[in-house]
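Order of the sequence lines sets the chain letters (A, B, ...), proteins ahead of strands, with each chain counted from 1. Fair warning: this is a prediction, and the values are worked out from it, not measured in the lab.
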There are 2 protein chains.
Amino acid sequence: MNTLAEENYLKAIFKLSGKQKEAVSTNAIAEELETKASSVTDMIKKLTEKKLVNYQKYQGTSLTKKGHEIAVHIVRKHRLWEVFLLKKLKFQWDEVHDVAEQLEHIKSPKLVEHLDTFLCFPQYDPHGDPIPNKNGEFPKSFSAPLIDFAAGSKGKVVGVSQDNPAFLQYLDKLEIQLGSKIQVIEKIEFDQSLEVKINGKATHISSEVAKNILIKQ
Amino acid sequence: MNTLAEENYLKAIFKLSGKQKEAVSTNAIAEELETKASSVTDMIKKLTEKKLVNYQKYQGTSLTKKGHEIAVHIVRKHRLWEVFLLKKLKFQWDEVHDVAEQLEHIKSPKLVEHLDTFLCFPQYDPHGDPIPNKNGEFPKSFSAPLIDFAAGSKGKVVGVSQDNPAFLQYLDKLEIQLGSKIQVIEKIEFDQSLEVKINGKATHISSEVAKNILIKQ
DNA sequence: AAATAAATTTAGACAAGCCTAAAAATATTT
DNA sequence: AAATATTTTTAGGCTTGTCTAAATTTATTT
């Protein structure tokens with residue numbers, strides 16, 4: 001069984017290493033967890049000992065198969081709890097994260113599976129992030145940041161990757177909501193900004209905004 | 001904010017000190033928490049520092065008003081989660097305790113209150129124990145162990161005060177379930193055992209068993 | 001390629017929470 | 001009331017997870 005601190009490190013490495021599972025730098029982990037690089041080095045050594053990460057001095061860290069499985073399971077729990085808080089307990093969009101951050105560490109296999117059943121096996125959480133099933137498999141159709149879509153592609157807004165109030169208010173102004181239909185008209189080379197149609201209406205958004213809107217085709 | 005260990009100490013002292021809030025011995029706390037007396041002394045000093053307990057060397061420990069409030073709040077959370085696990089997630093009677101033991105430490109005032117609302121403000125948990133409201137007040141009508149009832153009295157089984165599997169299996173054999181109607185026919189002076197009627201059917205149970213069945217009239 | 005800067009690791013320290021063993025205080029016997 | 005037993009506390013130590021400061025390695029400039 002892993003400690004709370006270990007779980008948080010695995011989750012951070014998972015988050016930082018992306019789909020290709022690249023090695024993650026010590027400083028990046030330190031920043032993600034708001035701790036010091038020396039603390040990270042200490043913990044990475046323990047995780048190496050437990051065969052949860054691959055680590056070579058000065059060369060960064062990546063998850064082993066076992067470490068990856070644990071991280072995905074924590075992500076699963078986090079996102080299921082977010083759905084529970086939003087759908088069942090009537091939390092607001094931006095209130096769920098901190099509580100889910102605590103709930104994700106509860107240890108009870110039965111609890112997760114019964115919660116999943118109770119929620120009718122949701123595939124996405126309130127932020128539009130995919131929820132892995134109990135075997136750690138993500139739903140086939142992924143959401144991705146709007147900025148990653150080519151000109152011409154169409155999709156639906158399934159979430160955001162930021163819940164900064166100013167950002168959410170700006171989306172409101174642009175009339176971008178969960179479920180809005182969105183089409184990429186043109187990508188501006190110069191500043192990576194986008195011409196898009198939102199629910200049929202043309203508008204223009206910056207790359208900063210496009211990075212944080214999640215789309216599912 | 002209190003640590004997990006601190007919360008468990010407060011809960012243990014609350015449990016041991018009963019309604020009259022008597023001082024509790026160091027050894028009793030150590031036994032309750034399955035730890036050593038010396039560890040208890042250490043922690044009690046910290047809790048004294050934080051004004052959560054009253055403590056005089058060699059004279060035992062009692063909760064301050066503040067400590068009592070915190071303990072009651074943890075009990076509230078524990079029992080609400082038990083109801084959630086049983087009623088919503090379809091856990092078995094004897095599976096809820098260990099998970100609730102973890103969930104009770106989640107810190108989010110909003111979570112507790114929304115959970116309470118979601119569960120429609122239950123007054124008793126699956127073991128028949130009363131659930132304090134958000135002001136820390138217990139419901140007026142308490143359940144009591146079967147053994148405390150006089151010959152002739154009638155009531156309903158609202159819980160048990162043990163969740164040892166052998167005990168629960170034995171109850172099953174006696175056809176005693178949550179909600180069973182029970183009437184005390186006779187109390188045997190000699191060994192404190194009881195003649196009872198369970199759902200109309202006469203049977204005989206030992207004092208050991210009668211101590212652990214909770215009845216509400 | 002040498003010098004400088006940045007990233008990472010090591011060394012040593014600290015708080016929390018636990019432990020064992022020994023000392024001190026309290027309770028119980030005789 | 002003295003002797004013995006029990007309870008509780010103290011002293012010192014260990015592990016986990018953190019920190020700062022210094023040393024080392026890698027990356028970037030000049």
Centres of the F14(B) and Y9(B) rings: under 6.0 Å? no
Flag the pair L168(A) / Q162(A) as yes when at least one side-chain heavy-atom distance between them is below 4.5 Å, and no otherwise. no
Residue-phosphate contact under 4.0 Å: Y55(B) side-chain N/O, dT8(D) OP1/OP2: no
Taking the side chain as every heavy atom from C-beta outward, state whether K88(A) and F118(A) have any pair of such atoms under 4.5 Å apart. yes
Between E101(A) and H97(A): side-chain donor-acceptor atoms closer than 3.5 Å: yes
For T41(B), report the nucleic acid contact type (base, sugar-phosphate, nothing); a contact means any heavy atom under 4.0 Å. base
Does anything in residues 1-15 of chain B reach DNA chain C, meaning a heavy atom under 4.0 Å, and if so which residues? T3(B), A5(B), Y9(B)
Less than 4.0 angstrom from a charged side-chain N to a carboxylate O is my criterion; do K90(B) and E95(B) meet it? no
N or O in side chain of K45(B) less than 4.0 angstrom from dT10(D) OP1/OP2: yes
Test applied, salt bridge (Lys or Arg N to Asp or Glu O under 4.0 Å); reference residue, R76(A); option that passes from D129(A), D116(A), D125(A): D116(A)
Mind checking if K57(B) touches a base, just sugar-phosphate, or nothing, with heavy atoms under 4.0 Å? sugar-phosphate
Which part of the nucleic acid does N27(A) contact within heavy-atom distance under 4.0 Å: base, sugar-phosphate only, or nothing? sugar-phosphate
Could you list where the contact with chain B starts and ends along DNA chain C, reading 5' to 3', using a 4.0 Å heavy-atom cut-off? dA16(C) to dT26(C)
Treating N133(A) as the side-chain partner and E137(A) as the backbone partner, does any N or O pair qualify as donor plus acceptor under 3.5 Å? yes
Under 4.0 Å between any heavy atoms, over every strand shown, what does S39(A) touch: base, sugar-phosphate, or nothing? Just pick one. base
Between T64(B) and N54(B), do the side chains contain an N or O donor and an N or O acceptor separated by less than 3.5 Å? no
